[in-house]
Engineer: 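Below is one structure. I have some questions about it.
Computed from a predicted structure; not experimentally measured. Below, each value reflects all heavy atoms present in this structure, side chains not excepted, and no hydrogens, waters or symmetry copies.
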Amino acid sequence: MTSHDGPSRYGFLECNSPIAAWRLDRQVEECAAAAPRLIVDIGCGWGELLQRIAATTPGAKAYGIDSDLELLERGRAGAAAKGIADRVEFVEYQGKDWETPADLVICIGAAHAFGTGAEALRALYPLVKPGGRLLFGDGIWNRVPTAAELEPMWPGTTAEEFVLLPELVDAAVATGFRPLRVESVEQSEWDDFESQFLADKESWLLANPVHPKAAEIREQADAHRYWWLRGHRGLLGFAYLTLGRPVE
């Protein structure tokens, strides 16, 4: 959207999850090292990670699955720019309905499509071919929140929405996966993510302070910043699990 219509969406973000450039590079390197032939990213958004892995894995076929048409179009444009559009396909689809197993499955920030993190891991297990990998990313609590700590967070947030990191890893192991890498982001990665998420609205407001939509956009930005700085900051973490499914 132009500055006259309203803010852009995710225009300042490379990926729609908190992640530092060095961590993203390592994920690409490690996923490509497994030499997957078929890759699927469930809840891919515009699929920046998917594109980078596919570009680093010659011959691999990749599918990005999402229901957001605007983000899928951004993904298609990115794949074309990288010269991999013949191997990376973006599909409008509900992630929970995908049934084709892959050598590498990616599901980052999309566990809610299946329910809880544990329910997502159980649903994703049969989609990973024996001997394959799952790169799973989801929110975690850094500590169990109190009722007072939950109050300033986004509406409807409960302590049951996320679990602690050890509990998420336990759920993966109980499902049948073996953990190859367990990592959680640093606070700076969350701060960068939230700042860049809000930058679409804030940069638009600076350029359009008296626009008819300005009051509404300003209210949205201020509410989100409140949930971040007075709500989840320091309390909500984000974990990336690289999981392997044993051969059969």
Side-chain angles (χ1 to χ4, degrees), residues 9-10 12-24 27 42-45 49 66 68 95-96 106-125 134-175 177 179-202 216-243:
R9 294 179 67 212
Y10 310 114
F12 292 80
L13 286 168
E14 283 194 289
C15 296
N16 192 18
S17 63
I19 189 167
W22 66 265
R23 194 185 306 277
L24 178 61
Q27 287 181 354
I42 297 177
C44 66
L49 174 63
D66 207 287
D68 191 317
K96 62 183 179 62
I106 303 167
C107 183
I108 296 174
H112 56 84
F114 304 94
T116 65
E119 289 169 338
L121 289 164
R122 289 194 292 270
L124 292 166
Y125 188 83
L134 169 65
L135 178 55
F136 183 76
D138 197 21
I140 54 170
W141 294 124
N142 291 329
R143 63 181 184 280
V144 178
T146 65
E149 288 175 321
L150 288 170
E151 184 65 27
M153 297 186 72
W154 54 88
T157 306
T158 66
E160 291 72 34
E161 188 166 347
F162 301 107
V163 297
L164 300 173
L165 178 59
E167 295 168 346
L168 185 63
V169 176
D170 287 348
V173 173
T175 300
F177 289 112
L180 296 169
R181 182 181 290 279
V182 175
E183 54 187 329
S184 59
V185 303
E186 300 170 2
Q187 186 60 54
S188 61
E189 291 171 272
W190 258 125
D191 291 345
D192 285 345
F193 172 75
E194 293 290 12
S195 295
Q196 291 166 338
F197 177 84
L198 284 169
D200 292 299
K201 291 181 172 64
E202 297 296 355
E216 176 187 357
I217 300 302
R218 191 176 296 111
E219 182 178 355
Q220 293 172 0
D222 291 346
H224 188 96
R225 189 182 312 101
Y226 181 90
W227 298 332
W228 162 33
L229 294 177
R230 290 184 168 82
H232 76 70
R233 189 176 189 276
L235 181 61
L236 180 64
F238 198 90
Y240 292 101
L241 308 183
T242 303
L243 306 168

Engineer: Less than 4.5 Å apart, side chain to side chain, heavy atoms only: is that true for Leu180 and Leu243?
Structural biologist: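 In short, these two side chains do not touch, never coming nearer than 4.5 Å.
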
Engineer: Considering residues at least two apart in sequence or located in another chain, which fulfil the side-chain hydrogen bond (donor to acceptor under 3.5 Å, both in side chains) criterion with Thr242?
Structural biologist: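 By the side-chain hydrogen bond (donor to acceptor under 3.5 Å, both in side chains) rule, Thr242 matches no residue at all.
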
Engineer: Does this structure show an ion pair linking Arg9 with Asp68, if we count only N-O contacts that are shorter than 4.0 Å?
Structural biologist: yes

Engineer: Would you be so kind as to tabulate the donor-acceptor pairs closer than 3.5 Å made by side chains of residues 134-141, with sequence neighbours excluded?
Structural biologist:
| residue | atom | partner | partner atom | Å |
| --- | --- | --- | --- | --- |
| Trp141 | NE1 | Ala159 | O | 2.9 |
| Trp141 | NE1 | Phe162 | O | 3.1 |

Engineer: With sequence neighbours left out, write down each residue that passes side-chain contact (heavy atoms from CB on, under 4.5 Å) with Asp191, or none if nothing qualifies.
Structural biologist: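 For Asp191 the side-chain contact (heavy atoms from CB on, under 4.5 Å) partners, ignoring immediate neighbours, are Gln187, Trp228, Arg233.
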
Engineer: Residues two or more places apart in sequence or in another chain: which of them pass side-chain hydrogen bond (donor to acceptor under 3.5 Å, both in side chains) with Arg181?
Structural biologist: Glu30

Engineer: By side-chain hydrogen bond (donor to acceptor under 3.5 Å, both in side chains), which residues pair with Thr175, not counting sequence neighbours?
Structural biologist: none

Engineer: According to side-chain contact (heavy atoms from CB on, under 4.5 Å), who are the partners of Glu216, at least two apart in sequence or on a separate chain?
Structural biologist: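 Once residues adjacent in sequence are excluded, the partners of Glu216 under the side-chain contact (heavy atoms from CB on, under 4.5 Å) criterion are Gln220.
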
Engineer: List in chain and number order the residues that pass side-chain contact (heavy atoms from CB on, under 4.5 Å) with Arg230, two or more places apart in sequence or in another chain; answer none if no residue qualifies.
Structural biologist: Tyr226

Engineer: Among all residues two or more places apart in sequence or in another chain, which pass the ring-ring contact (aromatic ring centres under 6.0 Å, His included) test with Phe114?
Structural biologist: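 Testing Phe114 for ring-ring contact (aromatic ring centres under 6.0 Å, His included), a comparison that skips the adjacent residues, returns none.
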
Engineer: Restricting to non-hydrogen atoms, name the atom on Asn142 and the atom on Gly237 that form the minimum distance, rounded to 0.1 Å.
Structural biologist: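 Looking at all heavy atoms of both residues, the shortest contact is OD1-CA, 3.7 Å.
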
Engineer: Pairs in or reaching into residues 139-166: which pass salt bridge (Lys or Arg N to Asp or Glu O under 4.0 Å), with residues at least two apart or in two chains?
Structural biologist: Arg143-Glu149

Engineer: Partners of Arg122 by side-chain hydrogen bond (donor to acceptor under 3.5 Å, both in side chains), sequence neighbours excluded?
Structural biologist: none

Engineer: ring-ring contact (aromatic ring centres under 6.0 Å, His included) with His112: which residues, sequence neighbours excluded?
Structural biologist: none

Engineer: According to side-chain contact (heavy atoms from CB on, under 4.5 Å), who are the partners of Phe12, at least two apart in sequence or on a separate chain?
Structural biologist: Gln196, Ala199, Asp200, Ser203

